[in-house]
Every structure is written in C-alpha cells, then in structure tokens.
S.K.: 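My questions all concern the structure below.
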Amino acid sequence: MTREKTEKHEFQAEVRRLMDIVINSLYTDKEIFIRELVSNASDALEKLRYIQLTEKEIYDEALPLEIEISTSSEDNTITFTDYGVGMSRKDLVENLGTIARSGSRSFLDAMEKSGTEGGDLIGQFGVGFYSSFMVADSVEVATRGYRRNSEHLIWRSGGDGVFEITKGKGHRRGTKVVVSLRQDAREYSDPEVIGDILRKYSAFVPFPLKLNGEQINTTEAVWLRNRSEITDQEYGGFYRFQTNSFDEPRHRLHFSSEAPIDMNVLLFVPEDNMERLGFGRMDPGVSLYSRRVLIDASPKNLLPEWARFLKGVVDSADIPLNISRETMQDSSLVRKLNSAITKRFIKFLEQNSADDPKSYGDFYGRFGLFIKEGVASDFEHKEQLRGLLRFSSSRKGEEELVSFEDYLSGMRKGQEEIYYLFGSARDTLSNGPHMEFFRSEDIEVLFIYEPIDEFVMSTLGEYKEKKIVSADSVDVGVADKDPESSSERPSEEEKSLCGWMKEVLGERVGDVRMSRRLVESPAAAFNSDSTMTQGMKRIMRNISAGADMRSVVRLEINGDHALIKNLASMREKDTEFAAIIVEQLFDNALLAAGYMENPGSMVGRINKLLERLSSG
Ligand code: ADP
Ligand code: MG
C-alpha cells in the first residue's frame with residue numbers, strides 16, 4: 001500500500017485574520033455555527049437537486065437528499081452530514097481556504113470601519129463555515145463530489161493558520177463535517193441542546209433534518225401554504241432562515257396567482273437597509289424556485305435593480321425545470337414575472353402609505369433611496385414609483401413628509417408649477433432669500449437635501465402636467481417674465497447702479513438687476529441657466545475638475561433696502577470702498593443661495609470692512 005501524501009496549505013491572510021477573531025471572540029451566541037453548517041448542507045443539497053434536473057450521471061444517485069446531525073458526548077464531537085454536491089480538491093482550497101463568501105467579507109469590512117475587535121459583529125453577519133472555530137479544537141471535512149470520478153478527500157484544520165488535505169476512503173457522495181469541540185464548548189455534544197438550537201434556526205430547511213436519526217423539521221415550503229394558516233412567528237422564522245439574519249421583517253407580502261402566470265410570491269422588507277448603513281451593494285435577495293426546486297438563489301432580472309433590498313421567494317411552475325440560469329435571466333417569462341411582481345409590490349407600498357403614513361414614513365426614511373433610484377432608472381415603473389416619493393415641505397414641520405399628490409391639492413389658484421429648493425438644511429432653505437417671494441405669496445415649496453433628489457426632480461421634469469421647477473431659477477415669481485418691458489421699469493439711477501455693479505463683478509455674474517420679488521434681503525442670487533440646477537453644476541465640477549462649469553448667476557438687488565440706497569450714495573463718495581461692499585454683497589448672496597464654493601476667501605475682505613467700521 002502506498003502512503004497517502006498529505007498536502008499542506010496556508011489559509012489566505014484574510015481568513016487567518018477572520019479565524020483569529022472568531023477563535024478568540026467572547027461572542028456569546030456561539031451556537032450560530034450550527035445554523036451556518038446546516039445552511040451549507042442545505043445549499044449543497046439545493047445545488048444537487050438543481051444538477052439532477054439536467055445531468056444523468058450522478059454518483060450515489062439513490063442517496064436521499066437529507067441532512068443528518070449526530071452528537072457524541074463521549075468523543076465530544078458534533079457531526080453534520082449531507083448528501084449534496086460535495087467538493088473537489090480545488091473547491092476545498094478555494095471555498096474553505098479563502099474568503100469565498102460575501103458575508104465574511106462584509107464582516108471584515110464592518111470590523112475595519114467600526115474599529116472594534118469584531119466579536120459583537122459576528123452574529124450580525126454570520127461568518128459562514130469559519131464560525132465553527134468558535135467552538136472547535138479542530139474541524140475535519142470529508143467530502144466527495146457528485147461526479148462518478150470524484151475523489152474522496154479529507155480537509156483538516158486546527159485553526160492555527162494552516163489546513164491539510166489528504167485522500168480519504170469510503171465516504172459517500174456529499175460532505176461530512178466533524179467538529180471536535182473545545183472543552184468549554186462541551187454543551188454542543190448534548191442532543192437536547194442541539195435539538196433546541198435546530199428548532200430555533202433551522203426549522204425551515206427544505207430537506208429532512210435528522211438529529212441522531214430522528215427527523216425534527218417539516219419540509220413543507222412556507223410560500224406554498226395557505227396564508228391564513230401561517231403565523232407571524234413562522235413567517236419571521238422563515239425570513240431569518242432564508243436571509244441568515246436575526247431581525248424581524250418590517251413588511252411581508254404573500255400572494256399567488258395562476259393566470260396569466262403561475263406564481264407563488266413571498267416578499268419581505270427587512271428591518272433596515274444595509275446599504276444605507278454602509279455595507280456595500282446588495283445582491284438580489286429574492287430567490288427563484290420552480291415547484292420547490294431552487295433555480296437561482298440570487299437571480300439578476302427577476303426584479304428591477306432598485307428592488308434589491310427585497311428578500312423572499314418567487315416560485316413559478318411555469319419555469320421549465322431544465323432551463324439554464326443564463327437563458328432564464330433573459331426569458332420573457334422572467335420579464336413577465338418581474339413586471340407583475342413589481343407592480344404588485346408598488347401597490348402594496350401605496351396601500352401602506354394610505355393606511356399607515358407613519359409606517360410608510362419610516363420605511364421611506366430607510367429605503368427611500370431605492371425608490372428614487374427606481375424613479376431615475378426604471379423606465380417601466382417610473383410612473384407608478386414617483387407617486388411613492390416623499391418630500392419635506394415649507395408648509396409642514398420637520399418630520400412631516402408630503403407627496404406630489406399632497407402638493408397638487410394644496411396649490412394656489414392659477415399656480416402652474418411645482419416648486420422645490422435644494423440645500424443642505426431646512427433652516428438655511430426656509431430663511432434664505434429664495435423663500436421670500438414664496439412665503440409672501442403663500443406658495444408651498446418642497447425642500448430637498450440630497451443631490452439624488454435634485455437629480456430625480458430634473459429627470460421627472462413634470463408631474464401630471466405641472467412643471468417641476470427649482471425655486472432659485474430666474475423666472476420664478478416674476479409675473480412679467482421680462483422686467484425690462486414691465487410697467488415697473490427701473491429708473492435711470494437704478495439702471496446705472498446695476499450697470500456699475502456688473503462692471504465691478506465682471507465675469508462672475510451673468511447680470512445684475514433690480515428685483516421684483518425681494519422683500520427682506522438686500523440682494524439675492526438666482527440661477528439663470530435653465531438646463532442645469534446649481535446643485536448639478538456643483539456635482540459636475542467635482543467630477544471633472546477644471547471643466548468650465550462657471551455658474552450662470554443673476555444678482556438681483558432690492559431697491560427698497562437701506563443697504564442698496566446707501567450703496568448708491570457711497571458710490572459717489574468713495575467708489576473704491578463701495579466696490580468692496582458690492583463684492584461682499586455678492587458673496588453674501590452666493591452664500592445664502594448655497595452657491596458658494598469656498599467661503600474662506602471672504603475673510604480678508606470682511607476684515608477690511610471691519611477695519612473701516614472700527615476706525616469710527
Ligand atoms: P457561504 O455558504 O456563504 O458561501 P461559507 O463560509 O458558509 O460561505 O461556505 C463557503 C463555501 O464552502 C460554500 O459557498 C460552499 O461552496 C462550500 N461548502 C461549505 N460547506 C459545504 C458543504 N457541506 N457541501 C458543499 N460545499 C460546501
Ligand atoms: Mg454558508
């Protein structure tokens with residue numbers, strides 16, 4: 001007999017780090033390693049079931065698709081056996097030697113960000129297979145792939161930075177994970193403890209789950225059951241099982257139909273939006289099944305991109321079982337499912353907003369970005385989605401949000417446009433010069449704070465034939481669009497003052513005019529570029545430094561204001577000093593309008609002004 005050669009491998013550096021954290025963590029819910037290993041076994045069986053649809057030659061074909069867990073308090077071990085796809089040598093090195101899983105990657109990222117030792121984050125992310133080292137002295141994985149000529153292999157590690165792979169004998173198809181427990185983790189060899197844990201986390205495993213020979217779950221698919229017979233606890237438990245999470249879903253939508261497409265749909269909105277919390281872009285979370293067979297756990301086109309925060313299951317008997325994932329993605333059937341389910345979900349949100357505005361407001365606060373993304377990118381559902389947008393309003397308090405419909409119903413007689421104003425904070429916006437006119441006319445203005453909101457407003461352009469207009473644009477609030485030809489023509493002195501100010505400011509300003517809309521402010525800046533809002537210009541400038549995106553700004557001055565009156569006479573007495581005041585007046589207007597790039601440049605001038613003032 002030849003002695004089997006043992007291959008030694010080092011774990012990838014990141015895995016070593018992860019394992020160090022896991023091994024030394026004081027994390028109290030170590031039991032989650034059971035959920036992780038059961039979910040891997042279940043995944044391996046799902047994969048095999050899918051392969052069985054198309055491949056004839058499967059090793060050990062007759063083995064039942066089930067998971068067996070056995071405990072031995074004598075040996076102080078717990079063993080997880082599945083008859084799934086198994087792993088090749090390459091799989092072992094890649095899957096159990098590197099960070100294969102996005103969950104572990106997010107865990108490391110989150111740890112980096114939070115600057116903690118990571119222990120308390122383990123449960124939030126689940127660290128996959130490596131979580132077994134929270135309780136293990138060593139772990140042995142015996143495995144054999146589903147192909148006829150696959151090898152029997154044994155993977156072993158003591159969690160000390162290295163693992164070894166040897167050839168094994170006599171193992172059947174699938175994978176057997178033997179966890180040799182640490183002394184302080186003996187409880188996990190107690191079948192009663194394990195039974196409780198399995199019932200808690202793994203009740204929804206879709207394959208028979210046996211503990212020391214006894215099946216402990218029912219494998220009925222929740223989404224195919226009658227809604228009235230499913231309790232909230234069951235829904236929540238299924239959600240947590242499917243998403244490997246611990247939260248309570250904030251919404252669920254369960255429906256089915258037979259025509260025109262057969263579908264059973266169970267959707268969940270999670271408690272929170274992980275992208276908003278800074279954890280990278282999510283993969284689609286609604287799995288596609290056909291008659292309980294998992295076709296694709298994270299299908300790309302089943303739902304629109306913006307709906308990637310949804311979790312759950314779509315099961316359609318119309319999906320041919322032998323379809324490849326690639327063809328399936330582009331099939332017209334998937335397009336139909338996409339459209340039907342998305343419409344239904346949007347309706348669900350509309351209903352929620354009507355029935356329980358507070359609940360919808362909370363949803364919108366966390367997931368609103370996805371709705372905005374949809375409005376900007378999902379052509380098919382844009383119409384419906386824009387009704388779900390909510391805004392802060394000049395007429396309402398900080399907390400209360402309004403929709404476009406609310407806005408329409410509060411419009412003044414003869415008002416033809418919807419107004420919004422973009423800025424960094426509510427206070428700045430409501431006290432800024434652009435609001436003066438709207439306040440005096442009692443016209444509602446929507447306040448928006450994020451560049452994406454501004455982008456959404458300009459992509460929409462209008463809502464129900466009412467143009468959506470930025471309240472800082474030059475035309476707004478000027479009854480007669482061309483003041484030069486209006487009855488209130490500026491006097492010769494006013495014209496001369498404006499002309500001189502334009503000379504002082506030069507290129508920086510498009511023009512200077514007497515204002516017909518200012519009430520309190522001496523001057524205000526308006527955007528006279530009809531194609532781009534100021535916020536968009538700011539973004540463009542950031543993207544392409546050096547590009548000539550100079551704002552086209554109009555400065556309007558308030559002839560009734562003392563400062564402007566004084567300025568005219570100051571110009572006669574001390575032109576040089578009057579010019580400094582004009583400069584400052586302009587910068588103040590830019591600042592108030594939120595157009596100012598670097599306010600620091602004003603300091604020198606302000607000091608000059610103060611010097612003059614303090615000289616008496
Ligand atoms: P994840 O399950 O999220 O991919 P894990 O760390 O739990 O991450 O597992 C890593 C990979 O190891 C899996 O994706 C799978 O390819 C492989 N694996 C783990 N357990 C098994 C098993 N019982 N059968 C087959 N493959 C497995
Ligand atoms: Mg896993």
Side-chain angles (χ1 to χ4, degrees), residues 9 11-12 14-19 21-22 32-51 58-60 63 65-70 78-109 122-134 136 139-147 150-157 159 163 165 168 171-179 201-202 205-207 209 240-245 279-280 282-283 285 287 294 296-298 311:
H9 295 263
F11 285 109
Q12 181 195 32
E14 275 179 307
V15 176
R16 286 207 300 274
R17 240 183 91 219
L18 182 68
M19 284 176 61
I21 295 163
V22 162
I32 58 153
F33 83 95
I34 293 167
R35 180 188 76 169
E36 296 290 347
L37 295 187
V38 169
S39 110
N40 285 352
S42 173
D43 290 349
L45 290 167
E46 297 265 27
K47 285 178 195 161
L48 189 85
R49 186 151 69 177
Y50 180 74
I51 288 165
I58 287 175
Y59 176 77
D60 247 350
L63 277 182
L65 298 189
E66 56 184 40
I67 301 166
E68 168 71 39
I69 294 167
S70 57
I78 174 168
T79 302
F80 301 77
T81 307
D82 68 71
Y83 301 133
V85 280
M87 281 178 275
S88 67
R89 192 178 287 269
K90 184 163 167 279
D91 291 338
L92 280 174
V93 174
E94 278 172 13
N95 299 336
L96 307 185
T98 65
I99 301 264
R101 154 200 168 99
S102 55
S104 342
R105 161 97 39 219
S106 321
F107 168 75
L108 282 176
D109 290 348
I122 289 176
Q124 263 167 286
F125 293 90
V127 284
F129 171 78
Y130 303 113
S131 62
S132 52
F133 287 94
M134 282 194 293
V139 177
E140 186 180 288
V141 180
T143 189
R144 190 195 191 285
Y146 66 91
R147 295 201 170 81
S150 302
E151 303 173 276
H152 292 284
L153 295 167
I154 296 174
W155 177 105
R156 228 180 249 116
S157 176
F163 62 90
I165 298 176
H171 184 61
R172 318 207 62 167
R173 183 192 72 221
T175 304
K176 178 161 138 184
V177 181
V178 185
V179 179
Y201 295 124
S202 305
V205 171
F207 301 94
L209 181 60
R240 283 184 290 276
F241 163 71
Q242 209 226 356
T243 56
N244 256 351
S245 64
F279 302 121
M282 288 184 267
D283 289 327
S287 308
L294 179 65
D296 194 337
S298 187
K311 312 286 177 194

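Ligands are counted one by one from 1 in listed order, and the atoms in each one are counted from 1 as well.
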S.K.: Is a salt bridge present between E46 and R49, judged by a nitrogen-to-oxygen distance below 4.0 Å?
M.R.: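 Here E46 pairs with R49 in a salt bridge, since their nearest N and O are under 4.0 Å apart.
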S.K.: Using the rule given for side chain to side chain contact (heavy atoms under 4.5 Å, CB included), can you reason through I32 versus Y201, listing the C-alpha separation, both sets of side-chain angles and the distance that settles it, and then say yes or no?
M.R.: CA-CA 8 Å; I32 58 153; Y201 295 124; 4.1 Å; yes
S.K.: Would you mind listing which atoms of ligand 1 come within a distance below 4.0 Å of any non-hydrogen atom of A44?
M.R.: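 Near A44, the atoms of ligand 1 are 24 (N), 25 (C).
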S.K.: Ignoring angles and geometry beyond distance, decide whether Y130 reaches within less than 3.5 Å of ligand 1 through its nitrogen or oxygen atoms.
M.R.: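 Between Y130 and ligand 1, no N or O pair is found under 3.5 Å apart.
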S.K.: Quick one, I51 with Y146, criterion side chain to side chain contact (heavy atoms under 4.5 Å, CB included). Give me CA distance, side-chain angles, the key distance, then yes/no.
M.R.: CA-CA 9 Å; I51 288 165; Y146 66 91; 3.7 Å; yes
S.K.: With side chain to side chain contact (heavy atoms under 4.5 Å, CB included) as the criterion, how do T81 and S70 come out once you've worked through the C-alpha distance, each side chain's angles and the decisive distance to 0.1 Å?
M.R.: CA-CA 8 Å; T81 307; S70 57; 5.6 Å; no
S.K.: Side chain to side chain contact (heavy atoms under 4.5 Å, CB included) between F80 and T175: does it pass, once the steps are laid out?
M.R.: CA-CA 8 Å; F80 301 77; T175 304; over 6 Å; no
S.K.: Distance under 4.0 Å to a non-hydrogen atom of L96: what atoms of ligand 1 satisfy this?
M.R.: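 Result: 12 (O).
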S.K.: Decide whether the shortest distance between a heavy atom of M87 and an atom of ligand 1 is less than 4.0 Å.
M.R.: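 In this structure, M87 qualifies as a contact of ligand 1 - some heavy atom is under 4.0 Å.
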S.K.: When you measure from atom 15 (C) of ligand 1 to each heavy atom in V141, N95, T175, N40, which option holds the nearest one?
M.R.: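 Among V141, N95, T175, N40, the closest heavy atom to atom 15 (C) of ligand 1 belongs to N95.
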S.K.: Tell me, do L45 and V205 make a side-chain contact under 4.5 Å, heavy atoms counted?
M.R.: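 Heavy-atom side-chain distance check fails, nothing below 4.5 Å.
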S.K.: Kindly confirm whether the Mg ion (ligand 2) is within less than 2.8 Å of some N/O/S atom in N244?
M.R.: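 It does not; every qualifying atom lies at 2.8 Å or beyond.
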S.K.: Does ligand 1 have a heavy atom under 4.0 Å from the side chain of D91, from its backbone, from both, or from neither?
M.R.: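 D91 to ligand 1: no contact under 4.0 Å from either part.
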